[in-house]
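Here is the structure we will look at.
So you know, we letter chains A, B, ... as the sequences are listed, proteins then strands, and number each from 1.
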Amino acid sequence: MKTRDLTYIALFAAITAVLGLVPAITVGPVPITAQTLGVMLAGSVLGARRGFLALLLFLVLVAVGLPVLPGGGGGLAVFAGPTAGYLLSWPIAAGVIGAITERVWSRYDLGWAVVANAVGGIVVVYAVGVTVLALVLDLGPGAALASGALPFLIGDAVKVAIASVVAVQVRRAYPVIERPRRAATAS
Amino acid sequence: MTLALYVPRASPVHRLPAGAKLLALAVGSVLLFVLSSWPVVLGALAGVLVVGLLTARLPAAALWRQARAVLWFLLALLVVHVVVDGWREGLDTGGLAVVRLLTLVLAAAVVTATSRVSAMVAVVERVCGPLRLVGVRPARIGLLVAMTLRFIPVVSERAARIREAQAARGGAVRGPRALAVTVVPLLVQVLVLAHTLAEALDARGADSES
């Protein structure tokens with residue numbers, strides 16, 4: 001791992017922290033905090049490995065007691081709470097988004113960006129988050145989905161759209177993921 | 001933004017090594033689930049409150065803030081138990097689960113409020129020590145945390161500067177679109193910055209450091 005990978009990882013952990021400071025945008029009854037945007041951007045811009053590590057680093061910051069969650073939250077207590085699953089899903093989600101993004105990198109466009117961000121940022125996050133929520137609160141699958149997924153769906157769809165538009169433009173302006181090298185000389 | 005959730009005090013709890021407190025937290029939470037009964041859980045809650053408020057002399061507000069974050073979930077948990085199991089049994093099993101979860105959250109809050117960030121980072125590095133075998137350099141974790149902390153004000157300051165520049169040109173946009181038009185130039189700027197920082201670190205021999 002190069003030094004540049006380390007600075008990129010630290011950068012996206014910081015970006016996720018800063019997005020926690022963005023005041024919530026209210027669409028309908030549900031406030032959207034911007035933090036999962038950091039998850040999507042880390043995966044889309046850095047790729048699987050660095051995206052995963054950036055969000056893992058972010059969770060380390062939370063665990064050692066820095067107030068980097070929305071509203072100045074943080075500390076070990078959040079990992080004992082019912083919403084711990086959402087937090088723990090973030091590195092996995094960024095990794096999944098990154099893996100899809102890397103796979104389609106040469107023909108990456110808005111459509112692929114939306115697919116990658118929706119699979120990682122919505123499917124993976126909800127799968128882990130709602131499962132933990134259901135286990136901690138002892139809820140059935142229906143009740144867990146109704147309380148842990150449905151209210152956030154609109155907000156997350158908006159975030160997927162924003163992250164995808166941004167990811168496509170950043171790829172054009174400053175691509176960080178490297179083109180998979182065709183072994184031109186060897187083999 | 002406050003610097004950390006750490007609350008400085010001169011108390012025996014603060015003086016305990018962070019590693020010991022984390023270990024106690026881990027063992028305690030396992031025990032709480034294994035020996036889950038009213039006397040044990042209530043005793044643990046009382047113990048956590050005594051240690052946190054009296055021994056460590058933490059302000060009640062510091063603990064209340066962490067408890068408030070899970071309050072609605074605890075209430076929902078109780079309601080679900082009452083609906084599923086009926087009044088008597090629901091209050092018994094549901095109440096037990098609520099108090100247990102509250103105890104865990106408060107215990108974690110006490111550990112966080114009495115341990116310095118630097119001590120916690122040192123514990124993380126020590127725990128990651130065995131990963132050396134698979135090529136991870138634990139000392140890098142401290143560097144990463146330090147870089148992230150430095151990047152946070154840089155990123156928010158750059159974001160503010162971009163917004164000002166756009167407002168000065170009369171191009172102020174609101175809502176979700178505002179995020180997109182600010183985030184693209186912001187990301188490009190800070191990616192360049194991170195690249196430059198990496199070159200500076202390499203020039204100073206960061207690559208050869210173990």
Taking [atom1] in [X] as the centre, count heavy atoms belonging to other residues, nucleotides or ligands within less than 6.0 Å. Is the count above 12?
X       : atom1 : result
B/Arg9  : CZ    : yes
B/Arg57 : CZ    : yes
A/Arg4  : CZ    : yes

- [ ] Nearest 0.5 Å please: distance from the NE2 atom of B/His195 over to the OG1 atom of A/Thr3.
- [x] 10.5 Å
Task: Distance in Å, B/Met147 CE paired with A/Leu6 CG, rounded so as to fall on 0.5 Å steps - done: 5.5 Å
Looking only at non-hydrogen atoms, find the nearest pair between [X] and [Y] and report the distance.
X        : Y        : value
A/Val18  : B/Ile152 : CG2-O, 3.4 Å
A/Ala10  : B/Phe151 : C-CD1, 3.9 Å
B/Val145 : A/Leu57  : CG2-CD1, 4.1 Å

Open item on the list: With a 4.5 angstrom heavy-atom cut-off, is it the side chain or the backbone of A/Phe58 that approaches chain B, or both, or neither?
Closed with: neither
Task: Side chain, backbone, both or neither of A/Ala163 within contact of chain B (heavy atoms, under 4.5 Å) - done: neither
Counting only non-hydrogen atoms closer than 4.5 Å, does [X] touch chain A with its backbone (N, CA, C, O), its side chain (CB onward), both, or neither?
X        : value
B/Val192 : both
B/Leu22  : side chain
B/Val121 : both
B/Leu191 : both

Side-chain touch [X]/[Y], heavy atoms, less than 4.5 angstrom:
X        : Y        : value
B/Leu149 : A/Leu66  : yes
A/Leu11  : B/Val155 : yes
B/Val183 : A/Leu41  : yes

- [ ] For side chain to side chain contact (heavy atoms under 4.5 Å, CB included), just list the numbers for B/Leu187 and A/Phe12, CA-CA rounded to whole Å, side-chain angles, deciding distance to a tenth of an Å, and then say yes or no.
- [x] CA-CA 9 Å; B/Leu187 279 183; A/Phe12 274 80; 3.9 Å; yes
Task: Pick from A/Ile15, A/Thr7, A/Leu61 with the largest number of heavy-atom pairs that fall under 4.5 Å of chain B - done: A/Thr7
Task: Winner by heavy-atom pair count (cut-off under 4.5 Å) against chain B, out of A/Ala14, A/Ala54, A/Ala13 - done: A/Ala14
Task: Option in B/Val111, B/Leu101, B/Leu104, B/Val190 with maximal non-hydrogen atom pairs under 4.5 Å from chain A - done: B/Val190
TODO: Return the option, out of B/Thr112, B/Leu106, B/Val110, with the maximum number of heavy-atom pairs under 4.5 Å with chain A.
DONE: B/Thr112
